[in-house]
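The block underneath contains the structure these notes are about, expressed in structure tokens.
Just so it is clear, the values below take in all heavy atoms, side chains as well, and ignore hydrogens, waters and symmetry mates.
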Amino acid sequence: MAPSSNILTRHILFGLWANWVLAVGSVAATLALSLIVPPAWLPLSMVVMAWLLMADVRREARRPGPGCVLTLRVALLTLFWSAVVMGAISVLTTSTLLDGIIDRSTHNTDIPYITSLVVFPMLAVNCIWQICRGYGTRFCTDCRARSGFYPGGGVVATIYSRESRYQVMMMLYISFTLTVIQCWYYFSYYINISFNAPDRFFFAYMPLAVLILTIFFMWMRLGNLADIIGPMAVGEREQATVVRYIVVSGDRMLLQTLGLGRYDTPARAEIVAADGTVTEEMARDEMTRLMGGSTFTLRYLYTSKSHDLVTDVVHYAAFIPDGDDGRPGPTGWLRGEWMSLDDIDRLLHSAGLAAELADEIYRIYTITMAWKTYDRNARRLYPIRNYRPTFRLRDFRRWDVDYSDLTWFDIAGNNEDRPFWRLRRFWRRLTGLTKQSPA
């Protein structure tokens, strides 16, 4: 039976909402701690909270299926860099380095900084940075790499892509608005003698109330989305395992026009297996039927989840030998157009490919180029810096690389050609964000 809409509800409501609670809750906890923890010790508390958030990001990055960590990443960076700024302020204001710059007679060493005036501007900066980078961040590409998730790939994929960006935008609006209000109060009414009741209201109680209200707002918003879109997503789910074949002959790929003028592979099938596992023999038999008995060679690529988060999608490459005249051999019942790499590249950059095919090409190209350029320690295989080997479809069949090995995505994103690549690699290993190869 097709899974109920509760699956969609669980993934959206208890996934995106839980991440929002952790992200916003960590900022709220910082404001609450600022009322009881001495300023000298508050940065250390924030670093500990940032580390705990990193543990949750690491858990999301390792589990199968899409798991958006954009809000967690924004909160994590906000806590870390805010702690750095607060620590720097505490050190500078208690040392003799600024004796000739600041007026010690007007400075209160008991209140070296106001927490919210550091945290919310830093939160706004990190939100703007995330928005400007868009889906080019490593966390977004990681999500696509793990499970085949691709923005625009379906109902659930659309919710993940839009709601994650919506949450970051909401963080930006909240942090910017609170920063403006608090700056107005600071320059108009604040006196650096002690924290009185109005000071606590503007710098702690009011932002705490706003953040708590957003938690309830996000609960209602995502709950309503799950109730409305859940039945729609149920209609998208497949009872059988989906098998997709990339059909290649020489340097060309067979593509077929679908709805909205987008191209996709014409070789797709649904296979119902007794134990839910589609074997290579079953996939070969189905491709033989599609090819009408014509000759082909099959290669397993990888397995991912469909955009409904439930259906397995098994990816294969089918290689058709060229005929005596150099043209592709017979394709049986399959119909479509033979496209070169240049044609495919133009379609990819003009949004002319189906989301599933675009994701397959992205994965194959990224892993192949990383495997051909670097070893498993991310060191160059060639002495020429930034050298890029050729990528030809006719060599696809002979490439001895495992496309289910996500380690190559790490290598593609951080290697010997990148600045500070050793430091980046150390940080990823320290935080546990390095991808794990399949067991």
Side-chain angles (χ1 to χ4, degrees), residues 12-37 39 42-43 45-50 52-53 56-57 68-83 85-86 111 113-131 162-192 194-225:
I12 295 178
L13 189 59
F14 298 103
L16 290 174
W17 181 77
N19 287 348
W20 175 263
V21 172
L22 288 174
V24 172
S26 63
V27 177
T30 300
L31 299 180
L33 287 174
S34 67
L35 298 174
I36 56 177
V37 176
L42 184 59
S45 303
M46 297 171 64
V47 170
V48 172
M49 285 193 292
L52 294 176
L53 283 181
D56 195 71
V57 172
C68 186
V69 296
L70 292 184
T71 53
L72 293 178
R73 174 172 167 78
V74 169
L76 185 157
L77 294 176
T78 297
L79 292 180
F80 176 79
W81 288 111
S82 295
V85 172
M86 292 176 185
I111 312 176
Y113 56 81
I114 297 177
T115 303
S116 59
L117 283 180
V118 177
V119 171
F120 286 115
M122 190 64 68
L123 178 58
V125 169
N126 280 294
C127 288
I128 293 173
W129 173 249
Q130 181 63 60
I131 293 169
R162 291 185 178 179
E163 286 303 305
S164 60
R165 293 173 70 100
Y166 173 84
Q167 289 185 350
V168 175
M169 286 295 299
M170 189 172 180
M171 276 187 169
L172 174 60
Y173 295 148
I174 293 171
S175 58
F176 180 79
T177 302
L178 291 176
T179 298
V180 171
I181 294 174
Q182 292 174 353
C183 285
W184 165 78
Y185 177 82
Y186 179 85
F187 289 108
S188 300
Y189 301 102
Y190 178 69
I191 300 176
N192 191 23
S194 63
F195 247 43
N196 55 34
D199 296 339
R200 290 189 179 90
F201 173 79
F202 278 96
F203 294 132
Y205 299 147
M206 180 190 67
L208 272 173
V210 171
L211 295 177
I212 293 173
L213 286 175
T214 63
I215 292 176
F216 290 100
F217 168 77
M218 199 60 67
W219 171 273
M220 292 185 293
R221 174 183 172 84
L222 293 175
N224 291 334
L225 280 175

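Under the side chain to side chain contact (heavy atoms under 4.5 Å, CB included) criterion, L76 pairs with L53, M54, V57, not counting sequence neighbours. Take Y190 and apply the ring-ring contact (aromatic ring centres under 6.0 Å, His included) test, not counting sequence neighbours, and it matches Y186, F203. Under the side chain to side chain contact (heavy atoms under 4.5 Å, CB included) criterion, V85 pairs with I89, V118, M122, sequence neighbours left out. Residues satisfying the side chain to side chain contact (heavy atoms under 4.5 Å, CB included) criterion with V27, sequence neighbours excluded, are V119, F120, L211. When the side chain to side chain contact (heavy atoms under 4.5 Å, CB included) test is applied to V21, the partners found at least two apart in sequence or on another chain are W17, I215. Taking the ring-ring contact (aromatic ring centres under 6.0 Å, His included) definition, one finds that Y113 meets it with nothing, sequence neighbours left out.
Put simply, CG on L31 and CG on L178 are 9.0 Å apart, with the number rounded to the nearest 0.5 Å. To the nearest 0.5 Å, atoms CE (M86) and CG (L42) are separated by 5.5 Å. Atom CZ of residue F195 and atom CD1 of residue I114 lie 4.5 Å apart, to the nearest 0.5 angstrom. For the atom pair L16 CG and W20 CH2, the distance stands at 11.0 Å (nearest 0.5 Å).
Looking only at side-chain heavy atoms (C-beta outward), L117 and Y185 stay at 4.5 Å or farther from each other. Counting heavy atoms from C-beta outward, M218 and V24 have side chains that stay 4.5 Å or more apart. Within the 4.5 Å cutoff, no side-chain heavy atoms of T71 are placed close to those of S164. The side-chain heavy atoms of N126 and M171, taken from C-beta on, include no pair separated by under 4.5 Å.
Residues L79 and M46 approach most closely at O-CE, 3.6 Å, considering heavy atoms. Residues T115 and S34 come closest through the heavy atom pair OG1-CB, 3.2 Å. When every heavy atom of F202 is checked against every heavy atom of P207, the shortest pair comes out as O-CD, 3.5 Å.
A salt bridge (Lys or Arg N to Asp or Glu O under 4.0 Å) check over residues 176-188, counting only residues at least two apart or in different chains, returns nothing. For residues 167-184, the set of pairs meeting the side-chain hydrogen bond (donor to acceptor under 3.5 Å, both in side chains) definition, not counting sequence neighbours, comprises S116-Q182.
In terms of modelled atom types and a separation under 3.5 Å, the side chain of R200 and the main chain of Y205 share no donor-acceptor contact.
Under a cut-off of 6.0 angstrom, the local environment of CZ in F176 is sparse, with at most 12 non-hydrogen atoms contributed by other residues, nucleotides or ligands.
Remark: the Y189 side chain and the D199 side chain contain no N/O donor-acceptor pair separated by less than 3.5 Å.
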